[in-house]
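See structure below.
Keep in mind the model is a prediction, meaning the values are calculated, not measured.
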Amino acid sequence: MDLFEDARVTELENLIKKYQASYYNGEAEISDAEFDKLWDELKALDPSNAVLQKIGADSGNFAKIRHVMPMGSQEKAASPEEFLAWAKKHVYEEYLVEYKLDGASLELQYEHGKLVRAVTRGDGTIGDDITANARKMGGVKSELFIDGQLLDFTGGVRGEVIMTHEVHKNHFADKANCRNAANGLMKRKDGEGSQYLNLITYDALETSGKVFFKDEEEKISFLKKCGFETVRLEICKSPDEVIIYREKIMEERKSSIPFDIDGLVVKERAINLDDASRNRPDRQIAFKFSLEEAVSVLREVEWSRNGGTYTPVAIFDEVELNGTKVQRASLANPDTMRQLGVRIGSHVVVVKRGEIIPKIMGVLPSENPAAESDVSFPCTCETCGTKLVDEGSRLFCPNKGCSKRVLHQLLKWQSVVDIRDLGETLITSLFKDGLLKSISDIYKLTSEQLVPYFLNEQSIEAEKKSLGAQKVYASIQNHRRMKLPVFLAGFDIEGFGETLAEKLTASGFDSLEKLLSASEDQIASVYGFAEITAHTIKEGLKENEEEMRALLESGTILIEEAGGGKLAGKSFCFTGELSIKRADAEKMVKDNGGSIKSSVTKDLSYLVTNDTSSGSSKNVKAAKLGIPVIDEKEFLQLLG
């Protein structure tokens, strides 16, 4: 994992914690699809991240109560392909399928048939006691009777607190959706509004040893006999039947289901308490519905600029997807636009994939071609007037001296090389004043040239020293030694970051000379690369070759030999919060010849954590593989 990926992991951790807090304590700030996107991205970057093992936490407004039954989260499949991949590993004689209710989980705790507590989901183990509010809700039973007899049931009943579409429309239309409204009402300290909510149940656990049901189907039957409203249950004989049933329910929910559901829960008939007690049960899965689609009319295409590259962005009539209103979507590049066949006035299919900017999935056949017009492409660079180059995969300004491109490259170098004291504002000012025209100019700056950016004229006339100018100068001089991948990534070649640069150098292109003499085919043959990427890299190297050579041949930049250093040959994986930033810790490893891994594998040298005795998945796996688990102090001792 490179520095940028690590920064993204940290950002995702913070976002997920933030949105979990808003979800469990009132009103969610983003849609489920947007949250799932963040969750999936973190899972892809850091599968064992501790955040993925946690559910959430409630507010401090209520007493805290421990659950009597597991209230973990679920694995999920977002498409038939993902579901079939799960089903291939979970072959059951039949699949029990229930609605996945889009509300807020609640556990009712009973002693000898009488309700004693109602507890929110919380962190999966401990939640908020909202018993007073729950007693006002529809579907909550204060006592359990079957055939007129009080039931001697001690244990828990789990359900979902929901708000119907009708109630939302008539009483809470100012809230974004039913779930947000329900979540806020059920946790009001004064209990006001809880009477508008309803509980639908789907799980139960008897804790005193009595047997009231033997499998999942009998469990639902038992809950019905007790007078609870339960989820709809369907029994399918094969994974294909589940997929067909899902398609049917996706259509029904639009018109005939009075509350929100966002998928199906698929499980086996047998009750598996060991699996249910896990943070994320493996033997059942949430089979989510397809992402919501909408059809809109394309009104214009804007061209967003990043450095020298122009990216098309579709502007269309506003539509609502997954509870959010959108009217912009990235069109990626010219080739994507051509393949889609988008035209101004055409009807486009928009899908909300949880991104901030949704995606155009297709274009509907035109009923009135005369009312449509072709998309206008920019022909010249808005900054320098140079004719743009359309390579299909990108539209860009080829002028290396374009001021927009030069400034972007300077900022990229500062970011990759990590010259923190030389910030964006200072670089921009130095560029506008003509002191920075290339990466080489950064290393030609003197303390005297920097002084006016820290002191006013009176201070300068009084010959006052500028500690800020001296600090920036020293920081620049301290960043003249670097690994080859950092050097390459700093030149802002399109799509060529430090991770790809590391892959190239590790495959044998371990010097600038070898890379400059490599052919496109040789680069494309490296695992993880392709023809388009290889072409872009080769063109970028050719364009920057003169300055690259000048920086190295003059001794301005010194490339550190790969494999040297105190940590040479050793790999490290960091987990949990340390007193130093993870990005800094990983840089220490790389600066000393070591490598970074995002997960625990058998060839890992050390797992570094803030708690060596915790039961986290990474710690457990490291112990099984015999990998040393060390704390921050021990890590720093390795560095001397």
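- Counting non-hydrogen atoms of other residues, nucleotides and ligands closer than 6.0 Å to NZ of K437 gives a total of 12 or fewer.
- Environment of CD in E543: crowded, with over 12 heavy atoms of neighbouring residues, nucleotides or ligands closer than 6.0 Å.
- With a 4.5 Å cut-off on side-chain heavy atoms, V417 and V486 count as touching.
- Looking at H408 and D492, their side chains do bring a donor and an acceptor atom within 3.5 Å of each other.
- Side-chain atoms of V472 and F454, non-hydrogen and from C-beta on, do get closer than 4.5 Å to each other.
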Contacts table for residues 383-392: side-chain donor-acceptor under 3.5 angstrom, sequence neighbours left out:
unit_1, atom_1, unit_2, atom_2, d
T383, OG1, R305, NH1, 2.6
D390, OD1, G392, N, 2.9
D390, OD2, R338, NH2, 2.3
E391, OE2, H535, NE2, 3.2

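- The distance from atom CD of E448 to atom CD of Q470, rounded to the nearest 0.5 Å, is 9.0 Å.
- Under the 3.5 Å distance criterion, the side-chain polar atoms of Q449 are matched with a main-chain donor or acceptor of T446.
- Outside the 6.0 Å centre-distance limit, the rings of F491 and F496 are not counted as a close aromatic pair.
- Using modelled atom types, no side-chain atom of H347 and backbone atom of V363 make a donor-acceptor pair closer than 3.5 Å.
- Within the 4.5 Å cutoff, the side chain of F635 has no heavy atoms near those of the L578 side chain.
- T533 places no side-chain N or O within 3.5 Å of a backbone atom of F529 that could act as its donor or acceptor partner.
- Considering CG of N333 and CE of M337, their distance stands at 9.5 Å, rounded to 0.5 Å.
- For the pair V350 and K359, the minimum side-chain heavy-atom distance is 4.5 Å or more.
- Atom CG of N306 is separated from atom CZ of F396 by 14.0 Å, given to the nearest 0.5 angstrom.
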Next on the checklist: Apply side-chain contact (heavy atoms from CB on, under 4.5 Å) to residues S571 and I596 and explain how you reach the verdict.
Outcome noted: CA-CA 6 Å; S571 57; I596 298 298; over 6 Å; no
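- In this structure, the side chains of L516 and K542 stay at 4.5 Å or more apart for every pair of heavy atoms.
- Nearest heavy atom pair, residue I476 against residue L445, reads CD1-CD1, 4.1 Å.
- Checking side-chain atoms of R481 against main-chain N and O of I557 turns up no donor-acceptor pair under 3.5 Å.
- Side chain of Q339 to backbone of T336: no donor-acceptor contact under 3.5 angstrom is found.
- Within the 4.5 Å cutoff, side-chain heavy atoms of I439 are placed close to those of Q409.
- You'll find the side chain of Y473 stays beyond 4.5 Å of the side chain of K471, heavy atoms only.
- In this structure, S415 contributes its side chain and K412 its backbone to no donor-acceptor pair below 3.5 Å.
- Just one residue in the list V348, V301, V375 forms a side-chain contact (heavy atoms from CB on, under 4.5 Å) with L331, and that residue is V301.
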Checklist entry - Run the salt bridge (charged side-chain N to carboxylate O under 4.0 Å, His left out) check on E546 and K400 step by step: do they pass? => result CA-CA 12 Å; E546 183 179 346; K400 177 172 170 52; over 6 Å; no
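- Atom CD of E531 has 12 or fewer neighbouring heavy atoms from other residues, nucleotides or ligands inside a 6.0 Å radius.
- In summary, E498 and K503 do not engage in a salt bridge, as defined by a charged side-chain N under 4.0 Å from a carboxylate O.
- In this structure a side-chain-to-backbone donor-acceptor pair under 3.5 Å is present from T428 to E424.
- For the pair K566 (side chain) and L639 (backbone), a donor-acceptor distance under 3.5 Å is present.
- Here the CG-CG distance, from L435 to L450, works out to 8.5 Å after rounding to the nearest 0.5 Å.
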Checklist entry - Where do L541 and I493 land on the side-chain contact (heavy atoms from CB on, under 4.5 Å) test, with the steps shown first? => result CA-CA 8 Å; L541 290 171; I493 298 172; 4.1 Å; yes
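- In this structure, the separation between CD on E82 and CD on E75 is 10.5 Å, given to the nearest 0.5 Å.
- Counted within 6.0 Å of CD1 on I532, heavy atoms from surrounding residues, nucleotides or ligands total 12 or fewer; the atom is thus considered open.
- A salt bridge between D584 and R582 is absent, with no side-chain N of the basic residue lying under 4.0 Å from a carboxylate O of the acidic one.
- Side chain of N456 to backbone of S459: a donor-acceptor contact under 3.5 angstrom is found.
- Atom NZ of K570 sits in a sparse spot, with 12 or fewer heavy atoms from other residues, nucleotides or ligands closer than 6.0 Å.
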Next on the checklist: Between S466 and Y453, does the side-chain contact (heavy atoms from CB on, under 4.5 Å) criterion hold? Intermediate values first, please.
Outcome noted: CA-CA 9 Å; S466 170; Y453 297 90; over 6 Å; no
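- Across every non-hydrogen atom of Q327 and D317, the tightest pair is CB-C, 4.4 Å.
- The side-chain hydrogen bond (donor to acceptor under 3.5 Å, both in side chains) search around T425 returns none, not counting sequence neighbours.
- Taking 4.5 Å as the limit, some side-chain heavy atom of T536 sits within range of a side-chain heavy atom of R394.
- Annotation for T311 and S330: closest pair CG2-OG, 4.3 Å, computed over non-hydrogen atoms.
- When all heavy atoms of L407 and I427 are compared, the closest pair comes out as CD1-CG2, 4.1 Å.
- Annotation for F316 and I360: closest pair CE2-CD1, 4.1 Å, computed over non-hydrogen atoms.
- For K288 and D262, the salt-bridge test passes: some basic side-chain N is under 4.0 Å from an acidic carboxylate O.
- Using a 4.0 Å cut-off between charged nitrogen and carboxylate oxygen, E520 and K538 do not count as a salt-bridge pair.
- No side-chain donor-acceptor contact under 3.5 Å links Q414 to the backbone of G423.
- Note: F509 CZ to S517 OG = 8.0 Å, rounded to the nearest 0.5 Å.
- Centroid-to-centroid, the aromatic rings of F377 and Y310 stay 6.0 Å apart or farther.
- Between A329 and P358, the closest heavy-atom pair is CB-O, 3.0 Å.
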Next on the checklist: Could you walk me through whether L552 and M548 satisfy the side-chain contact (heavy atoms from CB on, under 4.5 Å) test, starting with their C-alpha distance in whole Å, then the side-chain angles of each, then the deciding distance to 0.1 Å, before giving a yes or no?
Outcome noted: CA-CA 6 Å; L552 299 186; M548 287 178 167; 5.8 Å; no
